[in-house]
Each structure stands twice: as structure tokens, then as C-alpha cells.
Amino acid sequence: MFNLVDSSPLDVKVDSQIPPNSYVFPFKVVPKGKKINMSKLSNPLDPAKLTPTSKPITEVVSELEGEAKIMDIINGYKANGKVFNPNLFGKFQMISVKDTTVNDVAQRLYDTDNGAGIARNFDERLLSPIRATSQVCGSASVYDGLHTIGQVALFAKHGLFGNDPTDWENFKFPFFVVDEPYPSFTSHAALHTNGKGQKKWGKFDFHRVAVTNVRIYHLLDNKHDNRAEAIQTLCEKYEAWPLPLNHKDNGKAGTQGHIDAIYKWNLPSLRFILKTHKKYWHGTKLDPQAFSLYGNLYEHMTKLKIPTTGVEFDKFLDNFHAVIHECFVGLRQLRIETARAHAAWYKSAYTSRRTSKVEVPYNCALAIVLKIYKKLGGTHHVPGDVVEFNYNGFDIYSFLDQDAVLDKVDHAI
Amino acid sequence: MQFKLTKKCGWFYILQLSHNKIWGFGITIHEAARLREGYCNPSCSKQEFWHMYYGDINQITDLENHLKSEWDNKMLVLFDKKLEWVDPKHNLSGNDIKLFCDERIIDYQYSNLYSVKAEHLPYSPGKYFKYINDDPGKFLEPVTLSHTVL
């Protein structure tokens with residue numbers, strides 16, 4: 001799949017008057033990263049500021065009172081004389097297995113893989129109370145927690161709690177019960193608990209907890225947490241702080257919200273990605289294109305044992321970026337143009353296939369930049385991506401923007 | 001001097017609304033139509049572009065995207081929707097927007113972007129940059145930081 005390519009299959013016009021070693025790459029403007037004042041940004045995982053404190057709810061309430069969109073609702077209720085009934089709050093009760101029923105409408109089919117997962121990783125401390133409504137007959141109708149109560153009851157039947165297995169049906173477990181017996185409410189509550197009313201954790205939340213496990217609690221025996229901390233350290237070193245999507249600084253230069261992307265690459269590749277972005281584009285929002293462009297460049301070159309450090313490689317990288325700057329301005333436009341050109345190329349090259357919604361392969365942008373680089377007479381060894389996206393007589397190069405790319409390249413050579 | 005204008009050029013403009021003094025910005029290919037139909041007609045008042053840049057449309061787009069990213073939390077929110085107007089509570093003026101843009105154009109080496117000369121500003125309805133591509137030197141000048149404060 002990966003071939004060491006010494007020369008491009010594209011026509012390369014090289015002026016024979018110029019000695020080979022002094023060939024001057026025609027695109028001369030190399031973008032340079034700009035220094036950012038990181039002190040203006042806020043890093044929620046700053047090791048200097050992370051402390052294992054608990055915030056009182058009174059403080060949370062004060063923060064909420066500063067949110068206009070929430071206070072407008074509160075004030076609306078007050079203006080309309082709305083009063084909510086605290087007696088309708090659910091109540092905690094210990095309920096025995098024999099007094100529990102399952103609402104077939106509200107509950108999903110029992111997922112045995114999920115059940116096996118609960119059984120395999122059983123930790124008494126992590127079990128949630130079962131949510132149920134109290135029925136007229138006195139039973140608790142479960143609308144959330146079927147898998148948990150199913151496993152707990154099964155464990156009880158086999159005496160795994162040190163209980164008498166013959167009396168397992170009297171085994172009790174914590175329930176959170178709402179006194180609302182109408183069956184339609186039970187299914188409505190199930191919808192609310194499992195979807196509508198839930199604020200799911202975002203990718204940054206999982207990352208944050210993993211990093212704080214290491215930085216605050218020094219829990220060093222978890223491979224995933226250690227990797228998360230190493231990733232965070234790299235991101236901080238190269239000033240590309242991961243932030244949650246709703247953070248006030250998210251989207252600014254020096255930050256990023258691409259949590260999936262930073263986990264996708266191994267640490268050496270991630271280091272190359274962040275270091276290269278900082279060198280050439282620092283001061284600009286970190287576009288997701290950086291990850292596949294630099295990640296594939298690094299990994300494909302490394303696989304072919306082409307050095308990714310040193311004077312020659314640095315010169316290649318400068319020329320590589322001069323191409324991006326001249327033809328695409330930046331990584332964002334490269335990404336947009338890659339998607340457009342790929343769609344157009346695919347439609348022509350694969351006439352017998354469905355061409356709507358074709359995903360852009362991760363190495364497509366890299367291939368495009370390398371093709372332009374070679375077209376301009378670039379001589380550095382490059383990975384085989386340069387010959388890809390050439391099928392059925394159609395090369396994606398021909399589908400690039402005429403004014404922004406093709407004319408500029410033709411004029412330069 | 002030689003101006004390098006590509007085939008696809010556009011405008012980046014900065015304006016202050018005449019009726020409420022709020023500052024804003026945007027990009028367009030058709031400056032006259034945008035001023036009339038985007039701002040004068042909806043506000044039923046004469047509006048003007050306080051400052052403008054002209055050049056390669058990709059660089060214009062990139063400039064606007066960078067400004068929107070960096071100033072995201074300075075943008076005005078009206079009825080829960082973020083607009084391309086600067087929230088007055090940040091006390092930012094056209095000079096601040098222009099300084100930001102000038103610095104970006106110079107730092108980032110947008111080699112095909114130019115500033116409209118002060119003598120042609122503010123741009124108001126009825127003005128036309130006719131034949132700007134044929135005689136760019138008449139209307140445009142390179143961006144320099146010394147020209148920032150208007």
C-alpha cells in the first residue's frame with residue numbers, strides 16, 4: 001500500500017538550466033505560527049489550579065442566578081403565580097424483589113450483553129437506585145434500572161449477597177418511587193429519564209475525569225487515565241488546550257474541541273501534529289484537518305523510514321506549507337476544497353457507483369498537497385498517498401479549483 | 001507598486017449602524033447591493049461601510065472566519081441568536097476591528113488583500129468601485145499598521 005515514491009507520475013517541468021541542488025521552490029511564502037497570550041485563556045485542567053475541592057450547591061445556585069435564560073423562566077413562573085408541589089417528589093424506599101414489576105411498554109427488551117457487563121463489573125457502590133412508579137396494587141413498576149434490578153435479583157437468588165437463596169424474593173434494594181399510578185406516566189417517565197431529560201456527558205467530560213484521576217488523585221494504575229493525562233500534557237505543551245464545547249474560550253486560537261481526534265492518534269503522531277500546527281498556524285483556530293493531514297504524513301513517512309526530522313525534512317515541510325498557504329490560505333479552506341474536489345472526482349471516476357454522500361478519505365487532503373508539491377518540482381521523498389485518487393483516467397488534481405490552484409501552479413512552473 | 005489580484009475577489013467591510021451605533025462586519029462579492037439591500041433598506045436609513053478590504057475571496061473568507069472565532073464571545077446575542085454585530089458592552093470600535101484585521105493580514109501574509117484608501121471611505125450608496133481590477137492602485141493600498149487609526 002505504501003510505496004516510496006521518488007518521482008511523481010504527474011508531469012514535472014524542471015528547468016534544465018538550474019543545477020539540481022539549487023532548485024528553488026516556486027511558492028515562497030511560508031506561514032508562521034504567531035505567539036499567543038495563553039494567559040487570556042482558561043484551562044480547566046491546569047495542574048497548578050486543580051484541587052480536590054467540593055463546591056457547595058449554594059455556589060452553584062449563585063452561578064445559575066447569573067444566567068438570564070434560566071432566570072427569565074424563574075421570573076415567568078413567579079409572575080404567573082406558579083407553585084410546584086414538593087409532595088410529588090419521588091421518595092426513596094427499600095422494596096423487595098417480589099413487589100417489583102416491569103412495565104413492558106416503558107422498558108426496552110432485556111439486553112443480555114448489558115446484563116453480562118453489569119454482572120462482570122459488579123460494584124455495589126456504583127449501582128443506581130431503581131426508578132419506579134407505585135401502582136394501585138402496591139407493586140413498584142420499574143421504568144428505569146431493569147438491567148440493574150434483574151442482575152441484583154439474580155445475584156440474590158444465588159446467594160451472592162450472603163443472603164439465604166431460598167428467601168431471595170424478599171431481598172430488598174433501594175428504589176426511587178414516584179407516587180403516580182397511571183401507566184401512561186410510567187412510559188412518559190421512561191422517556192424523560194432515558195432521553196429528553198438527560199444531559200449526557202460530552203467527550204470532554206470523560207477526558208476531564210480521566211485526567212483529574214491522575215493529576216489530583218494520583219491514580220496511576222489505569223492505562224486509559226494515564227494516556228489521557230499524557231495527551232493533555234502534549235496539548236498543553238503545544239498550546240492546543242482541549243476545552244468543552246460550551247466553554248467561553250472554545251474555538252479560539254490556542255484551544256480545541258476535537259477530543260475524538262486527540263485520542264485517535266498515538267502519542268508520537270499526536271506530538272508531530274500539534275508541534276507542526278504550532279510552528280505554522282499558531283494564532284489560528286486549530287482546524288480538524290490538521291489531525292488527518294499531519295497524522296497521515298507522519299505515520300506514512302515513518303512507515304517508509306523517511307526521516308521526519310532534520311534540515312531536509314524541515315525544508316520539505318516549509319514547501320509543503322507554502323503550497324497550502326498559496327493554494328488554500330489555510331487548513332480550513334484545504335478541508336473544504338478537498339471535500340469539494342473529492343466529490344467531483346469520485347463522480348467522474350466511479351460512474352457506476354452511487355456518488356451521493358461519499359465520505360472523504362482521511363488521507364485525501366495529504367494526497368492533494370503532495371500532488372501539488374510534486375507538480376511544482378518538489379524533490380523530497382513522499383509517501384504513496386501522492387499517487388492515490390487516480391482512477392479510471394481521472395486524477396483528483398484536475399478537479400481542484402482552477403483559479404486558486406491549477407492556474408497558480410501552471411503559472412509557477 | 002504591483003497589485004496581485006486573483007480572478008475571484010471579494011470585500012470585507014466594517015460598518016457602524018447609523019441608527020444605533022452598533023459596530024459590525026461582513027463579507028460580500030457585491031458591495032453596492034449588500035450595502036443597499038443588506039443594511040439601508042432593512043433599517044430604512046442611509047448606512048455606510050466605514051472601512052473595507054478587497055482581495056482574494058479565499059483570504060477574505062479566512063479573515064472573517066478568524067475574526068468570528070477569536071471574537072465569538074464578543075458578538076451580540078439577540079433573542080438567543082448570535083449575530084455578526086459586536087456587543088456594545090465590550091466598548092469595541094471600528095478601530096479595534098480594523099487593528100485586529102490589519103494585524104492578521106500582516107502576520108498571516110495575506111498577500112492578495114488590500115485596504116481601500118481613506119479618500120474613498122466611508123463607502124456610501126451611490127459610490128462605485130468601477131474597474132477596480134483594472135486600476136487597483138486608484139482605490140487600494142497595501143495594509144500597514146501605521147494606517148490603522150482613522
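Of the listed residues (A/Asp249, A/Thr284, A/Asp407, A/Val29), the greatest number of heavy-atom pairs within a distance under 4.5 Å of chain B belongs to A/Thr284. In terms of heavy-atom pairs under 4.5 Å with chain B, the best-connected choice from A/Glu337, A/Arg332, A/Gln402 is A/Arg332. Between chain B and the options A/Lys408, A/Lys285, A/Lys32, heavy-atom pairs under 4.5 Å are most frequent for A/Lys285. Most heavy-atom pairs under 4.5 Å with chain A: of the set B/Asp107, B/Thr6, B/Asn112, B/Ile57, this distinction falls to B/Asp107.
Ring geometry, B/Tyr13 versus B/Phe49: the interplanar angle falls under 30°, so the pair is classed parallel (tilted spans 30 to 60°). Between A/Trp281 and A/His325, the two ring planes are parallel [angle under 30°; tilted spans 30° to 60°].
A side-chain donor from one of A/Tyr263 and A/His207 sits under 3.5 Å from a side-chain acceptor of the other. A donor and an acceptor atom, one from each side chain of B/Asp56 and B/Tyr114, are nowhere located under 3.5 Å apart.
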In residues 20-30 of chain B, what donor-acceptor pairs under 3.5 Å come from side-chain atoms, sequence neighbours left out?
residue	atom	partner	partner atom	Å
B/Asn20	OD1	B/Ile22	N	3.1
B/Lys21	NZ	B/Ser18	O	3.3
B/Thr28	OG1	B/His30	N	3.1
B/Thr28	OG1	B/His30	O	3.3

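Using a 4.5 Å cut-off between heavy atoms, B/Asn58 touches chain A through backbone and side chain atoms alike.
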